[in-house]
Amino acid sequence: MSEERYKKSIQLFKRAAKVIPQGIYGHLTPVLAGPMASPYFTAKAKGCRYWDVDGNEYIDFMCAYGPMVLGHNHPEVDAAADKQRKLANTTNHPGEVMVELAELITKLIPMAEWVVFGKNGADMTNHALVIARDYTKKRKIIMANGAYHGTAPWTGSGHNGILPEDRAHILTIDWGDLDGFNRLAEEYRGDIAGAIFTPYHHPTWADQVMPPKGFWEGVRKTCTREGIVLILDDIRAGFRLNLAGSHEYFGFTPDISCYCKAIANGYPLSAMVGNEDLRISASNVFYTGSFWFSAAPMAASVATLTILKRDKAVEKMNKMGELLKTGLEEMAQAHDLEISVTGPAAIPFITFKGGEDFRMNQLFAAESMKRGIFFHPHHNWFLSAAHQKEDIEKSINVADEVFKEVKRVFG
Ligand SMILES: Cc1ncc(COP(=O)(O)O)c(C=O)c1O
């Protein structure tokens, strides 16, 4: 990738590497995607586009890994946040807007009898486990292999600095394996506090997997029978499949559901909703954070959820996602390449037949990026309500050149 094109990004990264571990850490580290596989720093963003510090423009199919559901710098959301910030943001007490937002969410999501707020998704997944353990007075948690629920030691998403004891009460199944789930429920009967799953499986470096027929129905049935708290981690998919929660999209009812990402169009906020049975445990368990009551992100969330509903944004995103999916499939076929587009239309991902080492994905993403389209090589993508038909058409036209290059290199 051209050093000239990313001159400022590289200079900035060298400065960052001296004062920040890894220069950029976590999932945004260039170490994961490879050097200069993507720009390192953003300068500005608007709608479905952003510009890196070298001034290169991109159509954004990652939406900040999910949060930008209405597009970057949405004027109405920003106005609502600004208005609240000018009144009061982080003070000794929550603002009225916290109650307004909780009321709005309990109206939107039928199973939600109460709501609590935090900042990041992991605040909510961690808290959900504690509530489940308080409610059941049991220890074990069932989760899926390869599922991402944050970076806490129990999640298994990291290795270094983590003790076997941190995961001592975590039991795992392959995502969608109802028989495996039922076997664990029987083997550890009387000791299981909760089960935490994403609404469908969206691992990195792999195709996305929709729930097998009967999976959610079966899990719900077993949880109810065995007194296991069913926790839905809707952090990634929430508000892109159904405003009433992704469980409504898949037709089941969890006991707790966790949200973040799209809830406030980029303002820092997460939320957990729960049913009536869990209200007392949600009150008993102590939890708080320095910024968890800040009012401006809550005002942004009220605006975001209201606009999502008003503008039928979920339908729109999924329609644009369908256009992208069909366009990419047709274009790949025209170049004699076989791709799989998996996941819901608004959260798609592609893999190449014969590209199991992901080098084809990496070339696809790098060549798209050169041409101003930001696709990720090994993480699912996100559509926003700001993506228009012309943006999708432009991206598919670019894919024509990119698939040609992938075919030339890989044959
Ligand atoms: C499904 C899921 N759960 C939990 C998290 C953790 O959220 P956060 O990074 O905001 O702590 C993420 C973040 O990507 C996620 O996708």
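Ligands are counted one by one from 1 in listed order, and the atoms in each one are counted from 1 as well. FYI, the numbering just counts along the sequence from 1.
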Aromatic ring proximity, centroids under 6.0 angstrom, [Y] and [X]:
X    : Y    : value
Y50  : F374 : yes
H72  : H74  : no
H376 : Y65  : yes

Which atom pairs, donor and acceptor, lie under 3.5 Å between side-chain atoms of residues 159-169 and protein residues at least two apart or in another chain?
| from | atom 1 | to | atom 2 | distance (Å) |
| --- | --- | --- | --- | --- |
| D166 | OD2 | L163 | N | 2.8 |
| R167 | NE | W154 | O | 2.9 |
| H169 | ND1 | K140 | NZ | 3.0 |

Sequence-distant partners of D82, salt bridge (charged side-chain N to carboxylate O under 4.0 Å, His left out), two or more places apart: R85

Residues 286-311 vs salt bridge (Lys or Arg N to Asp or Glu O under 4.0 Å), sequence neighbours excluded, gives E76-R310

Give one line per pair: atom of ligand 1, protein atom, distance. Only N/O to N/O under 3.5 Å.
| from | atom 1 | to | atom 2 | distance (Å) |
| --- | --- | --- | --- | --- |
| ligand 1 | 3 (N) | Y148 | O | 3.2 |
| ligand 1 | 3 (N) | D233 | OD1 | 3.2 |
| ligand 1 | 3 (N) | D233 | OD2 | 2.6 |
| ligand 1 | 10 (O) | G121 | N | 2.8 |
| ligand 1 | 11 (O) | G121 | N | 3.3 |
| ligand 1 | 11 (O) | A122 | N | 2.8 |
| ligand 1 | 14 (O) | K261 | NZ | 3.0 |
| ligand 1 | 16 (O) | R236 | NE | 2.9 |
| ligand 1 | 16 (O) | R236 | NH2 | 3.2 |

